[in-house]
Novice: 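Please find one structure pasted underneath; my questions will follow.
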Amino acid sequence: MRRLFRTHATEICLLAVIVLIAAFLAFATPRFFTLGNAFDLLNISSVNIIFAVGLLVVLIAGGIDISFAVAASVVQYVTALILGQVGGGGWASGLLIAGGIGTLLGAFNAFIIHRFKIISIVVTIATFNIYFGLLMFFTRGVSIYTLPDWWTERIILYEREMADGSWAEIRLPVLVMAICVAATWFLIRHTTTGRQLYAFGDNPEGARRFGISIGAMQFIAFGWLGLMAGIGGLIQAHYAQEVVPNALYGRELDVLAAAVLGGARLGGGKGSVLGCVLGVLLISITQNGLNLMGVSPFAFKMIIGAIILVAITLSNSRIDKLLPILKTERRRR
Amino acid sequence: MTTLVRRTRNLLGSEIAGSVVAFVLVVVIFGLASPQFLSRATFGSVAFQLPELGLLTLAMLLPILTGGLNLAITFTANIAGLTVAWTLQANGGVDAGPGSFLLGVALALAAGAASGVVMGLVIAYTKAHPILVSLSMMIFLRGLGEFLTRGGDVSGFPAFLRPFGHGSVVGIPLPLLIFILCVALWHVLLSRTRLGFNTYMIGSNIEAARYSGVNTRRVIVLVYTLSGAMCAVAGIIMLARFNSVRVGHGESYLLITVLACFLGGVNPFGGFGRVIPVFAALVVLQLFSSGLNLLGANQHLATAVWGILLVGVMMLRWLAGHFRTVLRRKE
């Protein structure tokens, strides 16, 4: 039990906080603790979780990426244009096109970072502006509302009628999210590449001397995030039933904050898929709860910002400083 | 004479060469492309627009020198501007006297410094990454501002504030004078004081600085505090120029401040970089932006150009470094 606590301290803390908040909200609002609301939460957070697990891989490899949400907007738009050209398509071609363009955009970041040895935050701030500027310039900010039917049609995986007659349903985004989460978990936990990513993030020079190809690591990390951004963009358009060029603008910072809340560390070598998912859920639940309690939406960001600031402060202080039980344990060993 | 040359070179630094080349390029290219570019109007508008961006860049410069980053600068400036606005409104709005303005300025500086102190303390004591800390501070401040203003803008200030945004003293815009004063302050701070020396030490190697007896925590807290206070100055100038305050004003400057620092030869990992070259880079960037405007470039296209420029500058620096090592090897 103690070992579990020490290896998964962040995840357990997060879970405890989520349970506390959920318990509080369940008493404070009648609407929160219903199946319908829980499923809504899942449907809404799906895209953010897809983005977050992609970003997690980059964070583990010691990088940071600001540009992925805008890249996802580019993917949405270009995919919609291509599908319009070829006249429809289906989920397979949609995923292929979106994933492909996303991966390309990610690889472009990786190329500049690796080839010219520029730190990733500078590169991605730059590509953020390039992608967004060019997207808005070429589209003139015009949204696309006429998407192929398969893209916008709601696909319900599981539904149940509630006592009050409303329907609680799990939709397609949740399935895609589950696949992305599982794939990322498999990549970083059960492959050699995953272990190399952790090693590279923890100590790039050590990893290089150990024979790990640095270029390959950058391309895998940013390419994976690009892939996730592409898929996330596709699903976001499916969820919103439209493509709006600046809809995802600003999303990157929320996702980044959530991933870090989940225990990923800027500087690399640390982070887990579970923590990442819990981080996103914590923020969504807080937002959802504030909404249900009738707090002004203007206050959301302020409260979320404060929560993240406190969480960063706590997670960077040593956990055994905060919990004396573990300290004695360590001394005895 | 030679000492004079040497002293100027020491003052300006070798980093300035890039900015000078860029300046000549920008003036020649835009001068050829647009006949209106080389006019008094262009340089006049540059002189008025430079301070807003410049003061924010100064606020960004100090954290970058320590190897950090302050992403909260624009929203700190907004909050400081709001502080002034509310102080004026509480004292009669349009009829408020100079005394309440001074009070507002003091409160704004305190508010800016307070955001800096919080960030500095978290960064120094928990060793959390500055990007994250300033990012969450940015989200918090934006939320705070939106919550308090409901997304609208605050206006209605006394008339004596206008000169701070639009007035001139012997032909030099007043905001520019304030900006130059701040540049000089930062220059002296970085090159003449112990705090400046320690800032560079921390940026080069924080552990080495700590072992050599520098109180690194104190320096980091001070650096972020000064950065926050400088944001407040920017916020006050912005208030006087737009004659209103809105959360989100100047948000697009965030990237350009980073760009200006790197264009001015500041090392992204910290430890190296000076104020005067950054100032030169700012002038070039502002001219560039005015030139794009004159050519009728779309605002979004300009955004893309900023990004391309940033990557381009970093690539050129990499190439320059590469060449230097190749040449050295040949010798």
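The basis for the numbers below is simple: all heavy atoms, side chains too, and nothing from hydrogens, waters or symmetry mates. Lettering follows sequence order; numbering is per chain, from 1.
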Novice: Select, from B:Met119, B:Arg150, B:Met314, the one with the greatest count of heavy-atom pairs under 4.5 Å involving chain A.
Specialist: B:Arg150

Novice: Roughly how far, to the nearest 0.5 Å, is CG of B:Leu71 from CD1 of A:Ile66?
Specialist: 7.0 Å

Novice: For the residue pair A:Arg115 and B:Trp318, establish whether any side-chain heavy-atom pair is separated by less than 4.5 Å.
Specialist: yes

Novice: Counting only non-hydrogen atoms closer than 4.5 Å, does B:Met138 touch chain A with its backbone (N, CA, C, O), its side chain (CB onward), both, or neither?
Specialist: side chain

Novice: Picking from A:Leu134, A:Asp254, A:Val122, A:Leu135, which has the most non-hydrogen pairs under 4.5 angstrom with chain B?
Specialist: A:Val122

Novice: If every non-hydrogen atom of A:Ala257 is compared with every non-hydrogen atom of B:Ile139, which pair is closest and at what distance?
Specialist: CB-CD1, 4.5 Å

Novice: So B:Val118 and A:Leu309, do their side chains get closer than 4.5 Å, heavy atoms only?
Specialist: yes

Novice: Should the heavy atoms of other residues, nucleotides or ligands under 6.0 Å from OH of A:Tyr77 be counted, would the total exceed 12?
Specialist: yes

Novice: Distance from A:Phe138 atom CZ to B:His300 atom NE2, nearest 0.5 Å?
Specialist: 13.0 Å

Novice: Specify the closest pair of heavy atoms between A:Ile130 and B:Ala304, including all atoms of both residues, with the distance to one decimal.
Specialist: CG1-O, 3.7 Å

Novice: How long is the straight-line distance from CG of B:Leu316 back to CZ of A:Phe116, given to the nearest 0.5 Å?
Specialist: 9.5 Å

Novice: A:Ile121 versus chain B, heavy atoms under 4.5 Å apart: side chain, backbone, both or neither?
Specialist: side chain

Novice: Applying salt bridge (Lys or Arg N to Asp or Glu O under 4.0 Å), which residue pairs with at least one partner in residues 136-148 of chain B are found, sequence neighbours left out?
Specialist: B:Arg142-B:Glu251

Novice: Go through B:Ile131, B:Val311, B:Val133, B:Val258 and name the one with the most non-hydrogen pairs under 4.5 angstrom from chain A.
Specialist: B:Ile131

Novice: Go through the atoms of B:Leu135 and report whether side chain, backbone, both or neither lie under 4.5 Å from a heavy atom of chain A.
Specialist: side chain

Novice: Count the heavy-atom pairs under 4.5 Å between each of B:Phe262, B:Trp306, B:Phe140 and chain A, then report the option with the highest count.
Specialist: B:Phe140

Novice: For the CG atom of A:Asn129 and the CG atom of B:Leu309, what is their distance to the nearest 0.5 Å?
Specialist: 11.0 Å

Novice: Do you know the tightest heavy-atom contact between A:Gly133 and B:Thr303?
Specialist: CA-CB, 4.2 Å

Novice: Where on B:Val122 is there a heavy atom nearer than 4.5 Å to chain A: the side chain, the backbone, both, or neither?
Specialist: side chain

Novice: At a heavy-atom separation under 4.5 Å, does A:Leu256 approach chain B through its side chain, its backbone, both, or neither?
Specialist: side chain

Novice: Tell me, side chain or backbone of B:Val305 under 4.5 Å from chain A's heavy atoms, or both, or neither?
Specialist: neither

Novice: Is there a side-chain contact between B:Met315 and A:Ile112, using heavy atoms and a 4.5 Å cut-off?
Specialist: yes

Novice: Chain A heavy atoms under 4.5 Å from B:Leu69: which part of the residue, side chain, backbone, both or neither?
Specialist: side chain

